[in-house]
Amino acid sequence: MGRDPTPPFHSPPIIIPADVPANKELVVVGVSSWTINDFRSWLVAQGKTKMTIKETINYTKRFASVLDTGDASPILNTIKPNVQHHALTALANLAKYTGRYQKFLEIRQRYNLKWSMGDPMIHFERFFNEGLTLDVMLQRIRQMIRLLPPFMGKIIKFGCLVGLRASETLECVKLINDKESFAKYYNPNRQALEHFRYKKQFIRQTKKAYISFLTPEMLSIVQNLDNVPTKNAITHACQRRHIPMDMYLTRKIFASWLRKEGIEPEIVDMLQGRVSQSVLTRHYLTPSQDLKDRVLDSLYKLQSKLTTTIS
């Protein structure tokens, strides 16, 4: 979920007959009708992830009437400003699907609804949160590696080295364990996983991943896994062991560790799928010849911090 998506070319709204079964969740909008199931299929066709689709459908069910009535007060009265963008993104997609994007823009302007970037104080407070220092995060991840089943522990450890989001890490491990995909995915000369070759999994509207430098030894951590679990399965495994599901920390550890080792912020951003729009980055900044070696040296040190916790 993210910023105001640009409306793509859109086919006319689908008209559903009046005798659609009840389980199709028929929704009447003006003179046209649509169903949640058909809207969900349209989101899938747009390349949205399962989590994004689930969130979009949930917010759509709550606020679809806003497009019909033109009254956005339910959003203003029931959702905090820092998370209103989730509802707005759901309505933007629904507006495209039903051919009413212009009406959506008018509602946004009338109620001064914006895709909020969140409260800067939240990030400031997180920066000085002693419960999220690098050492504390490493301790929490070590606990997961130690207590989870070995195949899950290996994925958690690998997540710290690849720097992807939790869902992306699991997609990455699946591709690594597919021989046909792996041949295209890993570039041994560059010593890198080239995520950009799998756009459906890694190049999304607001979240992207392009490349990860990894040695064959690091890849071997998750190679030949018979079972690649879902994020939900890892969550349940943590619950059964009465430990927090902290897989999101693997990405934070990756970035924090590389910065501690002197890797430039622009490089860390690039390795995590963020490319700055600054003139410096877009037109003048070029990576040093030893970039890959410096990143891999840093990751070797991080790997040693985790190795003693897993066989």
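The figures that follow rest on heavy atoms only: side chains count, while hydrogens, waters and symmetry mates do not. Nothing here was measured: the structure is a model prediction, and the numbers come from that model.
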Any sub-3.5 Å donor-acceptor pair from [X]'s side-chain atoms to [Y]'s backbone N or O?
{"X": "Lys103", "Y": "Leu67", "result": "yes"}
{"X": "Arg259", "Y": "Ile263", "result": "yes"}
{"X": "Arg140", "Y": "Val136", "result": "no"}
{"X": "Trp257", "Y": "Ser298", "result": "yes"}
{"X": "Arg165", "Y": "Lys208", "result": "yes"}
{"X": "Arg251", "Y": "Gln272", "result": "yes"}
{"X": "Arg142", "Y": "Lys305", "result": "yes"}

Rounded distance [0.5 Å steps], [atom1] in [X] versus [atom2] in [Y]:
{"X": "Arg40", "Y": "Ile53", "atom1": "CZ", "atom2": "CD1", "answer": "8.5 Å"}
{"X": "Leu161", "Y": "Phe213", "atom1": "CG", "atom2": "CZ", "answer": "14.5 Å"}
{"X": "Gln139", "Y": "Leu134", "atom1": "CD", "atom2": "CG", "answer": "10.0 Å"}
{"X": "Phe104", "Y": "Gln109", "atom1": "CZ", "atom2": "CD", "answer": "12.0 Å"}

Would you mind writing out the side-chain donor-acceptor pairs for residues 196-203 within the sub-3.5 Å range, not counting sequence neighbours?
unit_1 : atom_1 : unit_2 : atom_2 : d
Arg197 : NE     : Glu194 : OE1    : 2.5
Arg197 : NH2    : Glu194 : OE1    : 2.9
Tyr198 : OH     : Ser181 : O      : 3.0

* Can we call the ring centroids of Tyr185 and Phe182 under 6.0 Å apart? ->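 Not close enough - the centres of the two rings lie 6.0 Å or further apart.
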* To do: For residues 209-234, pull every pair meeting side chain to side chain donor-acceptor pair (under 3.5 Å), keeping only residues two or more places apart or in separate chains.
  =>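 Residue pairs with at least one partner in residues 209-234: His195-Ser212.
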* Charged N to carboxylate O under 4.0 angstrom, Lys48 versus Glu55? -> no
* To do: Please step through side chain to side chain donor-acceptor pair (under 3.5 Å) for the pair Thr133 and Asp135, ending with a clear verdict.
  => CA-CA 5 Å; Thr133 64; Asp135 286 339; 5.5 Å; no
* Structure fact -> Which of Leu299, Leu164, Leu249 passes side-chain contact (heavy atoms from CB on, under 4.5 Å) with Phe254? It is Leu299
* Structure fact -> Paired with Met137, the side-chain contact (heavy atoms from CB on, under 4.5 Å) test is passed by just one of Asp246, Thr250, Ile253, namely Ile253
* Asked: For atom NZ of Lys50, is the number of surrounding heavy atoms from other residues, nucleotides or ligands below 6.0 Å larger than 12?
  -> no
* Verify whether one side chain among Thr98 and Arg100 offers a donor that lies under 3.5 Å from an acceptor in the other. => yes
* To do: Name the orientation class of the two ring planes belonging to Tyr59 and His86 (parallel below 30°, tilted from 30 to 60°, perpendicular beyond 60°).
  => parallel
